[in-house]
Amino acid sequence: MLSLDYMRRTFHGFTPDTKGETQEIIWWSVFKGEQQKFIKACRNIIERPRHRLRGYEAYLRADKLKRVPSNIENELAEHRKEPAHQYRVEEQIQSNDTQENRFMKYALGQITAKYEALKKRIEAIKNTSDVMKKEMDEMQATLKYLQRNPFFRTVGRFKGLNQESLVLQKATGYSQIYRTWNLLRRAYSLNDGIYRLQSKDIATLYEIWCFIEVSHIVKEQLGIKDEDVDYRNRMEMNGVFTWELGKGEHSSILFKKDGVELAELVYNPKHSEKEDDSISMENLVAPTVPQKPDIVLQLTKDDMQKGMRMTYLFDAKYRIADKVNHVDTPPDDAINQMHRYRDAIYYKEYPSDVLKKEVIGGYILFPGDGEPADVEVAKFYKTIGEVNIGAFPLRPKDERNRALLEKFIKELIETKSSTTVSKVIPQKGAFIEVGDRVLVGLVKPSNRKGYYEDFENGCAQLYYTGAKFPSTIALHNLHFFIPYFKGTGIRDVYEIKSIQTIRGSVVKQLEGVDEVNDDIRLAFTLSFHHKLSDDYQMISTVGMINDTFINTTFEELENLYHG
């Protein structure tokens with residue numbers, strides 16, 4: 001239906017020419033083949049219709065009875081000496097008056113009436129050729145002749161379908177009638193609403209193709225199967241015979257593996273603070289004016305924060321600005337639009353009112369041409385690595401330049417979120433440092449009330465070490481702390497806000513014990529950051545320093561789960 005809609009709109013985009021073909025004539029040329037199929041199917045059914053047995057009452061003499069029903073045995077014995085006596089019996093005959101034949105009669109009448117109205121509109125056009133008029137006259141005569149066939153005298157009036165008919169859907173001839181009638185019915189409905197249609201050029205078709213193409217690339221690079229892809233795409237009807245791909249969550253594609261969400265691709269969401277949530281994306285807002293990127297790709301990463309999403313925008317533009325060094329270039333205004341998208345869309349974590357930058361990069365997809373080696377040195381491509389804004393040439397059957405987009409999306413998937421965020425260009429005067437070093441420290445039961453329980457509940461604010469802290473651990477590189485419970489494992493991540501020294505006498509007061517050496521110890525001021533998992537997970541303690549500490553990174557931490 002979408003393909004048919006686009007084909008019709010393409011014709012609608014032409015300016016009517018009174019001296020040549022008009023839209024009605026073009027429409028008739030497109031669908032006259034389907035009309036022929038409809039007529040052929042009707043003829044086949046009339047020659048070999050489906051019957052059903054139907055009972056009727058008859059009065060026959062005794063010598064005409066083929067069998068003697070039990071209910072007239074007494075009557076036959078009573079009138080055995082009366083050869084002229086007639087007996088009431090019920091006979092079974094084959095009838096053409098079936099639901100499917102009634103539907104065919106109705107469909108033929110409806111299509112004939114619609115065709116006659118269309119024929120008059122085309123004949124009213126000046127300079128319509130005699131050949132065209134002759135073809136239309138023959139078609140109308142054929143439809144009228146079929147309507148007058150004696151077969152339809154034995155078929156009643158169609159009163160609708162009470163339930164789905166397998167005969168109409170699968171039986172030879174009837175299925176062709178049903179399918180072609182559906183198509184012609186839509187087609188005539190289209191012609192009736194011809195002046196209510198909006199024109200849609202090939203640019204929108206290219207936009208939808210890019211969305212489908214990017215979804216194929218993401219699926220290939222994630223290495224997942226079809227059953228791991230949750231397609232939520234659906235068509236939506238807009239007006240008279242006008243179809244469009246649903247927007248926002250109505251056309252999102254979710255990629256999973258072993259039940260874990262890896263990525264989500266969304267077609268044409270609208271980002272605005274006052275929009276309807278059903279067509280937006282969760283927690284994304286544009287405080288100023290609505291923003292409408294064509295394609296949004298969100299990759300889920302767990303290395304820094306569980307369920308963290310990295311957002312990338314793609315915008316399809318069916319335009320080419322110029323050719324530079326044998327390479328087509330995208331329009332400047334399209335590149336400027338990606339700058340606006342990246343700066344206008346924010347992340348808002350409700351109920352918090354704090355806005356955070358969300359979009360990492362924006363990229364134009366355009367039908368450009370050029371050798372891949374030349375494309376890689378083009379300005380619009382090199383800026384992708386410099387500022388995360390640029391463009392990719394993407395055309396059907398252009399596998400060489402498609403490989404550039406494949407390579408890029410593969411790098412997005414494989415790069416750790418900590419590495420991605422560290423490469424984001426900071427604001428002037430600001431310094432961004434993405435913490436990577438993690439200290440895993442053993443938490444022992446303590447006499448201090450609430451100390452051990454605070455770590456269990458994820459609300460601890462202080463961690464202090466024993467008398468000996470490994471000199472091999474560089475304190476200035478530590479960013480995060482993970483409490484380890486012996487026999488239980490790890491779960492929570494704390495951010496290290498500051499590190500200071502405290503004396504053993506302070507520990508003595510905190511612990512409430514008598515015998516503590518007055519030595520120097522380290523105290524870490526903590527702030528809860530996030531959970532690694534919903535429950536505790538055991539890790540390998542091989543290589544744990546002094547049976548107390550592990551100096552590692554988030555990336556290396558993943559290996560400890562399998563130790």
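Using a 4.5 Å cut-off on side-chain heavy atoms (C-beta onward), P393 and D398 make no contact. Two residues are said to be in side-chain contact when any heavy atoms from C-beta on lie closer than 4.5 Å; Q537 and R491 fail this criterion. With contacts defined as side-chain heavy-atom distances shorter than 4.5 Å, the pair F314/L394 does not qualify. The shortest distance between side-chain heavy atoms of M338 and L313 falls below 4.5 Å. By the 4.5 Å heavy-atom criterion applied to side chains, E495 and H479 are not counted as neighbours. Between Y312 and L412 there is a side-chain heavy-atom pair separated by less than 4.5 Å. Side-chain contact check for R437 versus T552: every heavy-atom pair is 4.5 Å or farther apart. Between L299 and T311, the closest side-chain pair of non-hydrogen atoms is not below 4.5 Å.
D369 CG: more than 12 foreign heavy atoms inside a 6.0 Å radius. No more than 12 heavy atoms of other residues, nucleotides or ligands shown are found within 6.0 angstrom of CG on D130.
For the pair V266 and F211, the tightest heavy-atom approach, listed with the atom from each and the gap, is C-CE1, 3.8 Å. Across all their heavy atoms, A263 and L222 have their closest contact at CB-CD1, 4.2 Å. Nearest approach of I364 to A334, heavy atoms of both residues: CD1-O, 3.4 Å. Shown here for A321 and P330, the closest heavy-atom pair between the two residues is CB-O, 3.5 Å. Annotation for L108 and C42: closest pair CD1-SG, 4.4 Å, computed over non-hydrogen atoms. For the residue pair I384 and G390, the shortest heavy atom distance occurs at CG1-CA, 3.6 Å.
With sequence neighbours left out, the side-chain hydrogen bond (donor to acceptor under 3.5 Å, both in side chains) criterion links D492 to no other residue. Taking the side-chain contact (heavy atoms from CB on, under 4.5 Å) definition, one finds that V131 meets it with S129, E135, sequence neighbours left out. A search for side-chain contact (heavy atoms from CB on, under 4.5 Å) contacts involving K219 returns I224, D226, V229, Y231, F255, not counting sequence neighbours. Partners of K410 according to the salt bridge (charged side-chain N to carboxylate O under 4.0 Å, His left out) rule, which considers only residues two or more places apart in sequence or in another chain, do not exist here. The salt bridge (charged side-chain N to carboxylate O under 4.0 Å, His left out) test applied to E406 returns R402, not counting sequence neighbours. By the side-chain contact (heavy atoms from CB on, under 4.5 Å) test, N388 pairs with R342, I360, Y363, sequence neighbours left out. Applying the side-chain contact (heavy atoms from CB on, under 4.5 Å) criterion to N336, with sequence neighbours excluded, gives no partner residue. Shown here are the salt bridge (charged side-chain N to carboxylate O under 4.0 Å, His left out) partners of K323, two or more places apart in sequence or in another chain: D328. In this structure E261 satisfies the side-chain hydrogen bond (donor to acceptor under 3.5 Å, both in side chains) test together with R309, sequence neighbours excluded. Scanning for side-chain hydrogen bond (donor to acceptor under 3.5 Å, both in side chains) contacts around E371 gives R400, with sequence neighbours left out. The side-chain hydrogen bond (donor to acceptor under 3.5 Å, both in side chains) check on T383 picks up nothing, with sequence neighbours excluded. Annotation: salt bridge (charged side-chain N to carboxylate O under 4.0 Å, His left out) contacts of D137 (sequence neighbours excluded): K119.
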Please lay out, stage by stage, how F408 and F392 fare under the test ring pair (Phe, Tyr, Trp, His ring centres under 6.0 Å). CA-CA 10 Å; F408 175 72; F392 292 93; 5.1 Å; yes
Decide yes or no on side chain to side chain contact (heavy atoms under 4.5 Å, CB included) for R179 and K37, but give the supporting numbers first. CA-CA 10 Å; R179 191 196 72 82; K37 294 179 183 178; 4.3 Å; yes
I would like to know whether N551 and L478 meet side chain to side chain contact (heavy atoms under 4.5 Å, CB included); could you show each step before the answer? CA-CA 9 Å; N551 183 20; L478 292 179; 3.9 Å; yes
Please test I499 against L475 for side chain to side chain contact (heavy atoms under 4.5 Å, CB included), starting from the C-alpha separation and ending with a verdict. CA-CA 8 Å; I499 304 175; L475 296 178; 4.2 Å; yes
K416 and K301: CA distance, side-chain angles, deciding distance, side chain to side chain contact (heavy atoms under 4.5 Å, CB included) verdict: CA-CA 7 Å; K416 297 291 184 180; K301 303 291 182 70; over 6 Å; no
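Using cut-offs of 30° and 60° for the angle between ring planes, the F524 and F481 rings count as parallel. Note: F366 and F380 have perpendicular aromatic rings, judged against thresholds of 30 and 60 degrees for the angle between ring planes.
Distance check, rounded to the nearest 0.5 Å: CD of E264 to CG of D230 gives 9.0 Å. To the nearest 0.5 angstrom, M136 atom CE is 12.5 Å from K120 atom NZ. The line from CG of L265 to CD of Q298 is 10.0 Å long, rounded to the nearest 0.5 Å. L439 CG to I482 CD1: the interatomic distance, rounded to the nearest 0.5 Å, is 9.0 Å. Separation of atoms CG (D333) and NZ (K317) is listed at 7.0 Å; rounding is to 0.5 Å. To the nearest 0.5 Å, atom CG of residue L532 and atom CD1 of residue I490 are 5.5 Å apart.
Taking 4.0 Å as the cut-off between side-chain N and carboxylate O, E386 and K379 do not count as a salt-bridged pair.
No side-chain donor-acceptor contact under 3.5 Å links N401 and R395. Side-chain contact, E207 with Y267: a donor N or O sits under 3.5 Å from an acceptor N or O.
Checked options F38, Y174, F103; the residue passing with W181 is F103 (criterion: ring-ring contact (aromatic ring centres under 6.0 Å, His included)).
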